[in-house]
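Numbering of ligands and ligand atoms starts at 1, following listing order.
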Amino acid sequence: MNGPGTVRTIRAALQPHGLSLRGALLFDGDGPRLADGQTARALLLVGHVGSAHWQAFTRWRHRDPDAGHPDPLDRWSKAVIGPLAEANGATAFFPSDPPYQPFQQWAMRAEGLAASPLGILIHPLHGLWHGYRGAIAFAAVPADFEPTMPLGPSPCLDCAGKPCLNACPAGAILADGFQYHPCRSHLARTEGAVCLSEGCLARNACPVGADHRYEADQLRFHMAALKR
Ligand code: B12
Ligand code: SF4
Ligand code: SF4
């Protein structure tokens, strides 16, 4: 069951792992189905800004007896968020688990974020340098639950020159969205080594939230996953 300080407790428990609450939203019959068959009334998005979680994840990865197994970041997210949801009478959802839950739609609803030309949601302060690691959903709205307010218009709307559109050597970033196949073919060629080691050049070209740019090890980790 959730108690009077459920959201506060969850926020505090996430903090040592570099994770934070990245949005809170209410549903009116359109929430995901919970483990006990009920429909969610409230949901907390859990994620990271920049590299805030990277040290905690890296430490866990070095200690993990299963190190070397696929998808360590997903397994770490489950190890941190799963028990926290259970202890608070809630159901955890994870972005990479099929059937895919609409994490980006939830984030748009919670914080009013919009998609960038890369497909990634752009945050007015953190830019493209943030992600979601899970969600904690409740059948009843916790007493200290406050839905997040929209943050304001997308920085893409008045971005001079839109540098992300010209930075991709494979022409994979178009005004109407990210083209997976040219990107993937480029990453498989020798020329793709720069993206694999430095990170997506289009993402790097965005001036918004540049202080939150991922650290080198994190960039390489995500690019290796995209190449798979
Ligand atoms: C499948 C998937 C992909 C596929 C996209 C195929 C496709 N056309 O859908 C591929 C492998 C290409 C991909 C790539 C990347 N992805 Co992706 N992806 C997903 C995943 C697991 C499922 C998407 C989905 O079907 N959702 C179900 C539908 C019902 O939910 P939805 O909210 O309505 O879905 C939205 C997306 O589908 C979006 N969308 C449609 N096409 C594309 C294409 C791309 C590239 C993205 C990012 C989104 C996107 O439109 C919908 C919005 O209404 C989500 C996690 C999730 N559960 O949503 C991550 C997710 C969307 N991806 C994410 C990221 C960060 C990436 C990468 C940057 C990974 C990387 N290497 O760092 C790249 C982007 C490449 C680039 N150069 O920028 C993040 C986005 C975070 C954010 N700030 O918005 C998510 C939310 C995962 C996470 N843990 O945070 N991804
Ligand atoms: S470079 Fe401009 S258009 Fe591209 S993602 Fe960043 S803010 Fe949006
Ligand atoms: S990873 Fe490289 S090829 Fe793929 S979209 Fe980014 S810049 Fe283009």
Side-chain angles (χ1 to χ4, degrees), residues 19 22-23 25 30 32 43 45-51 53-54 57 71 73-74 76-78 81 92-111 113-135 151 153-210 212-214 218-228:
L19 293 172
R22 299 289 326 285
L25 65 156
D30 56 342
L43 181 141
L45 277 167
V46 177
H48 65 92
V49 172
S51 302
H53 62 312
W54 203 249
F57 163 62
D71 306 320
L73 188 57
D74 292 336
W76 173 75
S77 306
K78 289 179 183 182
I81 299 168
F93 294 99
F94 298 97
S96 303
D97 278 0
Y100 294 142
Q101 297 294 331
F103 271 80
Q104 289 190 303
Q105 282 183 45
W106 289 340
M108 291 187 223
R109 219 162 122 171
E111 290 196 309
L113 305 186
S116 67
L118 289 89
I120 308 169
L121 300 181
I122 187 153
H123 186 285
L125 300 175
H126 318 317
L128 304 173
W129 303 109
H130 65 109
Y132 301 96
R133 297 300 347 143
L151 296 172
S154 162
C156 298
L157 292 175
D158 56 5
C159 170
K162 298 196 177 356
C164 63
L165 295 179
N166 299 317
C168 171
I173 310 294
L174 305 179
D176 60 352
F178 171 68
Q179 311 294 311
Y180 179 52
H181 294 292
C183 170
R184 200 180 156 83
S185 312
H186 183 78
L187 296 182
R189 292 195 295 270
T190 322
E191 298 85 332
V194 180
C195 296
L196 291 174
S197 62
E198 308 283 316
C200 170
L201 303 182
R203 198 175 189 179
N204 291 347
C206 177
V208 182
H212 299 289
R213 187 170 188 268
Y214 295 169
Q218 187 181 357
L219 282 173
R220 283 194 292 272
F221 176 94
H222 286 297
M223 291 310 300
L226 186 59
K227 189 185 174 212
R228 264 197 338 230

task = Give a yes or no on whether Cys183 keeps an N, O or S atom under 2.8 Å from atom 4 (Fe) of ligand 3.
result = yes
key: Subset of ligand 2 atoms that lie under 4.0 Å from at least one heavy atom of Cys206   = 1 (S), 5 (S), 6 (Fe), 7 (S)
task = Using a strict cut-off of 4.0 Å, indicate which atoms of ligand 2 neighbour a heavy atom of Ser116.
result = 5 (S)
Show which atoms of ligand 1 fall inside a sub-4.0 Å distance from at least one heavy-atom site of [X].
X	result
Met108	52 (C), 53 (O)
Cys200	77 (N)
Leu118	45 (C), 78 (O)
Arg133	89 (N)
Arg203	68 (C), 72 (O)

query = Using a heavy-atom cut-off of under 4.0 Å, does the side chain or the backbone of Pro207 touch ligand 2, or both, or neither?
reply = side chain
key: Within reach of ligand 2, part of Leu165 (heavy-atom separation under 4.0 Å)   = neither
To the nearest 0.1 Å, how far is [atom] from its closest protein heavy atom, and which atom is that?
atom	result
atom 7 (S) of ligand 3	Leu201 N, 3.4 Å
atom 8 (Fe) of ligand 2	Cys156 SG, 2.3 Å
atom 27 (C) of ligand 1	Tyr100 CB, 3.5 Å
atom 64 (C) of ligand 1	Ile120 CG1, 4.8 Å
atom 2 (Fe) of ligand 3	Cys195 SG, 2.4 Å
atom 4 (Fe) of ligand 2	Cys164 SG, 2.3 Å
atom 1 (S) of ligand 3	Met223 CE, 3.5 Å

task = Measure the NZ-CG distance between Lys78 and Asp97 for me, rounded to the nearest 0.5 Å.
result = 3.5 Å
ask   = When rounded to the nearest 0.5 angstrom, what distance separates NE2 in His130 from NE2 in His212?
value = 10.5 Å
For ligand 1, does [X] get within less than 4.0 Å through its side chain, its backbone, both, or neither, judged by non-hydrogen atoms?
X	result
Pro95	both
Phe103	both
Tyr132	both
His130	both

Close side-chain approach of [X] and [Y], heavy atoms under 4.5 Å:
X	Y	value
Cys183	Gln179	no
Ile120	Phe178	no
Cys206	Ile122	yes
Leu43	Pro32	yes

Any N or O of [X] that comes nearer than 3.5 Å to an N or O of ligand 1?
X	answer
Gln104	yes
Leu121	yes
Gln105	yes

query = Ring centroid separation for Trp54 and Phe221, is it under 6.0 angstrom?
reply = yes
ask   = Within the distance-only criterion (no hydrogens, no angle test), does the side chain of Gln218 pair as donor or acceptor with the backbone N or O of Gly50 below 3.5 angstrom?
value = yes
task = Would you confirm whether Asp74, through its side chain, and Ser96, through its main-chain N or O, come within 3.5 Å as a donor-acceptor pair?
result = no
ask   = According to the interplanar angle, ranging from 0 to 90°, do the rings of His48 and Tyr214 count as parallel (below 30°), tilted (30 to 60°) or perpendicular (above 60°)?
value = tilted
inquiry  = At less than 4.0 angstrom from any non-hydrogen atom of Phe178, what atoms of ligand 3 do you find?
reply    = 5 (S)
Part of Cys200 within contact of ligand 3 (heavy atoms, under 4.0 Å) = both
query = Just wondering, is there an N, O or S atom on Cys159 that's nearer than 2.8 Å to atom 6 (Fe) of ligand 2?
reply = no
